[in-house]
Amino acid sequence: MCGIAGMLSKDIDLTKRRPLIEDISESLKMRGPDGSGEFLKPYAALIHRRLSVIDPEKGTQPMHFGKYTIVYNGEIYNTDKIRNELKSFGYEFETHCDTEVILKAYHKWKEKSCEKLNGIFAYAVWDDEEKELFICRDRIGVKPLYYAEKDGVFAFASRIKSLLLIPEITSEVDSDGLNEIFMLGPASTIGKAIFRDIKELPPAAYMIHKDSKTEIKEYWHLEAKEHTENEAQTIEHTHFLVKDAIERQLVSDVPLCTFLSGGLDSSIISMIAGENYKDNGRVLDTYSVDYVDNDKYFKSSLFQPNKDSDYIDMISNYIGSRHHNIVLDNADVAKALIESAYARTMPGFTDVDSSLLLFCKAVKEKHTVALSGECADEIFGGYPWYHNKDILFEETFPWSRSTDVRKSVLKDGLLPNGEEYAHQRYLETVNKTSVLDTDSKTERRMREMFRLNLDWFMQTLLVRKDVMSMESSLEVRVPFCDYRIVEYAYNMPWSIKALDGREKGVLRKAFENELPYEITWRKKSPYPKTHNPVYFAEVCKMTEEVLADKSSPLNEMLNVAKVRELMQNPDALDAPWYGQLMRGPQVLAYIVQTYWWIKDNDVKFV
């Protein structure tokens with residue numbers, strides 16, 4: 001994985017902006033600490049920072065072939081297939097890395113080349129003769145790419161913060177940005193990046209920029225199709241796709257490990273990876289995260305019925321992994337809220353972010369690549385809102401069913417159209433959902449839920465995973481995001497997907513003979529959060545600092561009385577702010593992150 005950026009201008013000599021080029025490169029250093037490179041001409045600059053994973057000696061970027069130059073971030077999992085196809089057309093290769101394959105695939109097939117790629121990626125190809133830039137992002141949106149166009153400058157980057165270094169691009173946030181933060185956050189609308197001047201290239205899209213004109217096209221979308229396989233065939237097909245995706249993603253020239261929570265998804269990945277390692281005479285390293293004294297303060301709930309620690313040893317012993325349990329200090333988790341907000345360049349997923357950041361830093365001490373079980377819940381119907389008939393058909397985001405809890409911490413009238421703004425984003429998503437005329441009411445709704453989860457909840461988790469891992473210079477792969485799995489699961493009847501009336505029923509049946517019964521049929525438990533009061537006490541101290549800063553524009557936005565009520569009684573909220581994990585302590589933490597995000601980026605509200 002890497003960090004990429006670039007600038008184009010017909011009016012400014014970019015060679016005279018070398019200090020800026022160096023600053024942008026430095027801002028991407030954590031994404032690529034192993035090397036750097038640049039392509040610099042008066043009218044175009046491409047910047048690359050490298051985290052070496054495949055062919056460390058020969059994969060230097062920017063890479064050139066004829067009139068084309070590429071900067072690329074990601075991993076392609078069908079590299080050999082594409083390379084062999086290109087060889088049949090007479091192409092020769094000097095490296096083993098996927099960068100060269102993407103570059104020569106673009107030379108052969110131009111924009112159609114991205115349709116051949118199975119992987120996680122964001123890349124840019126510059127045509128120095130035509131003065132044309134092609135940038136592209138993977139189908140699911142695992143790898144980020146942002147861009148801006150203002151005052152004669154076009155720029156793109158892996159990080160929002162890198163774009164804010166460019167003088168023409170401001171840190172202004174308008175009413176839409178405020179609605180994104182307070183009515184939708186930590187989620188955000190696909191294509192938006194909070195700041196008025198900056199946009200996100202959507203997943204499954206490419207852009208062509210030439211002569212100051214920008215064209216964006218979608219090259220893949222979820223399409224409703226008839227599912228023609230029976231239950232047994234579907235179980236077998238699911239097993240094949242998941243196993244194949246995991247095995248493809250075990251390729252690495254540097255140390256690789258897996259995240260293991262003791263839940264179904266990470267256990268499947270770790271089991272398959274462990275078998276692969278055994279066949280090659282190696283032992284797989286697995287990692288889990290916990291918090292100081294969490295067993296002491298853990299309380300069972302509907303969303304978190306049991307502790308991960310009860311199951312991790314079971315599955316680790318079963319697959320024979322070398323397991324490492326990373327125990328985080330609760331005060332450190334609170335302090336890392338600030339660093340994680342800096343890394344996102346927007347308010348984030350609070351301690352769900354900060355704990356992952358600390359966890360990834362610990363993993364990076366011995367490993368460079370990890371596989372994680374994210375996204376199976378969105379794809380295979382793992383969340384409670386798929387199964388709760390009381391909320392399934394509500395015309396709202398199921399993880400944030402009302403804006404009331406959000407408006408309660410804001411001053412009256414701050415966002416008068418906030419509820420409408422959020423509902424419009426909901427409607428835009430369900431209205432673009434592909435359905436069949438033969439779909440029942442339930443099947444149609446399940447497709448809408450799939451789309452909502454894919455475009456919103458899953459994107460929030462993918463941004464979290466990418467930013468926190470790359471801030472730690474750790475590459476994390478997500479096998480369940482293989483687009484073949486996504487396509488297949490989208491068209492799977494709900495009665496099969498939820499076999500035996502269970503969340504992820506088909507996935508459980510597919511692997512029930514390869515995992516311990518207790519793991520296969522364990523009730524879903526979300527990412528572990530701290531229950532230690534030390535964390536909450538630290539967050540309250542940080543919130544006091546926020547409220548004490550009368551110079552911050554945030555103070556003009558908050559309902560201070562409500563914020564203080566949460567500090568006294570974190571259970572005062574009627575419903576979660578977002579998902580299953582963001583409740584009273586996390587709302588305070590979100591306010592803290594918003595404050596430091598404003599301060600770090602000198603945000604101006606317009």
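Remember, predicted model here, so these are calculated numbers, not experimental data.
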Quick check: are there more than 12 heavy atoms from other residues, nucleotides or ligands sitting under 6.0 Å from [atom1] of [X]?
X: Glu111; atom1: CD; value: yes
X: Lys81; atom1: NZ; value: no
X: Arg445; atom1: CZ; value: yes

Quick one: does any side-chain atom of [X] pair with a main-chain N or O of [Y] as donor and acceptor, under 3.5 Å?
X: Asp244; Y: Leu241; answer: no
X: Ser469; Y: Glu475; answer: no
X: Lys131; Y: Asp128; answer: yes

Side-chain H-bond candidate by donor/acceptor type, [X] with [Y], under 3.5 Å:
X: Thr228; Y: Glu226; answer: no
X: Asp11; Y: Ser9; answer: no
X: Ser400; Y: Arg406; answer: yes

If the threshold is 4.0 Å, N to carboxylate O, is there a salt bridge linking [X] and [Y]?
X: Arg425; Y: Glu180; value: no
X: Lys225; Y: Glu487; value: no
X: Lys213; Y: Glu215; value: no

Looking at [X] and [Y], what are the two nearest heavy atoms and their distance?
X: Ile21; Y: Met7; result: CD1-CE, 3.5 Å
X: His209; Y: Thr214; result: ND1-OG1, 2.8 Å
X: Ser188; Y: Lys192; result: OG-O, 4.3 Å

Would you call the rings of [X] and [Y] parallel, tilted or perpendicular, taking 30° and 60° as the class edges?
X: Tyr123; Y: Tyr72; value: perpendicular
X: Phe397; Y: Tyr426; value: perpendicular
X: Tyr490; Y: Phe450; value: perpendicular
X: Phe457; Y: Tyr383; value: perpendicular

NZ or CZ of [X] within 45° of [Y] ring axis and under 6.0 Å:
X: Lys110; Y: Phe134; answer: no
X: Arg484; Y: Tyr488; answer: no
X: Lys108; Y: Tyr91; answer: no

Can you tell me how far the CG atom of Leu461 sits from the CZ atom of Phe349, to the nearest 0.5 Å?
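Here the interatomic distance stands at 5.5 Å.
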Does the separation of the ring centres of Trp597 and Phe195 fall below 6.0 angstrom?
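Between Trp597 and Phe195, the centre distance is under 6.0 Å.
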Could you check, using the six-membered ring where one of them is a Trp, whether Tyr578 and Tyr590 have ring centers closer than 6.0 angstrom?
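Centroid distance Tyr578-Tyr590: not below 6.0 Å, so no.
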What do the steps show when you test Lys210 against Asp127 for salt bridge (Lys or Arg N to Asp or Glu O under 4.0 Å), and what is the final call?
CA-CA 10 Å; Lys210 183 178 181 180; Asp127 182 334; over 6 Å; no
